[in-house]
Amino acid sequence: MPSVVKINVLTVPAEQREVLEQRFASRAGAVEGSDGFEWFELLRPLEGTDQYLVYTRWRSEEDFQNWMNGSMKAAHQGTSGGEGGAERPKPAATGSTLWSFEVVQQAAPK
C-alpha cells in the first residue's frame with residue numbers, strides 16, 4: 001500500500017512568517033511519535049508567493065485521520081473555555097488549504 005502525502009498550504013503575511021516558524025519550531029515533536037507518521041517538512045517560500053507548505057507523509061490515510069482526530073486536534077484546541085484559561089494566540093496564517101496525494105513513485109540517493 002503506497003504512502004499518503006498531505007500538504008497544508010498556509011497563506012502567511014510577511015509580518016507573520018517569523019511567528020509561524022517559531023510556532024512550528026516549538027511544537028516539540030508533536031507529530032513524530034504518531035503511529036504511521038513517516039516524514040515532516042516546513043517549506044518557506046523564496047519568491048513569488050506568500051504560501052508556506054507543510055509537508056507530511058503517512059503510512060495510510062487512516063493513520064493521518066487518527067492523528068488529525070487525536071493529538072493534532074487536542075493541540076490546536078488548547079485550553080477548554082473555562083474561566084482563567086489562556087487565550088489562544090492569533091493564527092499566523094490567514095488561510096489554509098489541504099492537498100492530498102498518494103505516492104506512486106519515489107527515489108532516494110544511491
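Under the side-chain hydrogen bond (donor to acceptor under 3.5 Å, both in side chains) criterion, Asp35 pairs with Arg59, sequence neighbours left out. Partners of Glu62 according to the side-chain hydrogen bond (donor to acceptor under 3.5 Å, both in side chains) rule, which considers only residues two or more places apart in sequence or in another chain, do not exist here. Here Ser34 pairs with nothing under the side-chain hydrogen bond (donor to acceptor under 3.5 Å, both in side chains) rule; sequence neighbours left out. In this view, Arg17 and Val12, Arg44, Pro45, Tyr52 satisfy the side-chain contact (heavy atoms from CB on, under 4.5 Å) rule, not counting sequence neighbours. Not counting sequence neighbours, the partners of Phe37 by the ring-ring contact (aromatic ring centres under 6.0 Å, His included) test are Trp58. Residues passing the salt bridge (charged side-chain N to carboxylate O under 4.0 Å, His left out) test with Glu18: none are found, sequence neighbours excluded.
Each of Val9, Leu10, Leu53 was scored for a side-chain contact (heavy atoms from CB on, under 4.5 Å) with Leu43, with one residue passing: Leu53.
Other cluster members for Val19: none, since no ILVMFWY side-chain heavy atom sits under 4.5 Å from it.
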Worksheet item: How far apart are the C-alpha atoms of Trp39 and Glu41, what are their side-chain angles, what is the distance that settles it, and do they pass the side-chain hydrogen bond (donor to acceptor under 3.5 Å, both in side chains) test?
Response: CA-CA 7 Å; Trp39 196 258; Glu41 290 177 329; 3.2 Å; yes
Mind listing the side-chain donor-acceptor pairs of residues 92-110 below 3.5 Å, one per line with the distance, residues two or more places apart or on another chain?
residue, atom, partner, partner atom, Å
Thr94, OG1, Thr11, O, 3.4
Ser96, OG, Asn8, OD1, 2.7
Ser100, OG, Lys6, NZ, 2.7

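Phe40 places a side-chain heavy atom less than 4.5 Å from the side chain of Val54.
Transitive grouping of hydrophobic side chains (ILVMFWY, heavy atoms separated by less than 4.5 Å) keeps Val4 and Met68 in distinct clusters. Linking Ile, Leu, Val, Met, Phe, Trp and Tyr residues whenever their side-chain heavy atoms come within less than 4.5 Å leaves Val31 and Tyr55 in two separate clusters.
One distance of note links CG of Asp63 with OG of Ser3; it measures 9.5 Å at 0.5 Å rounding.
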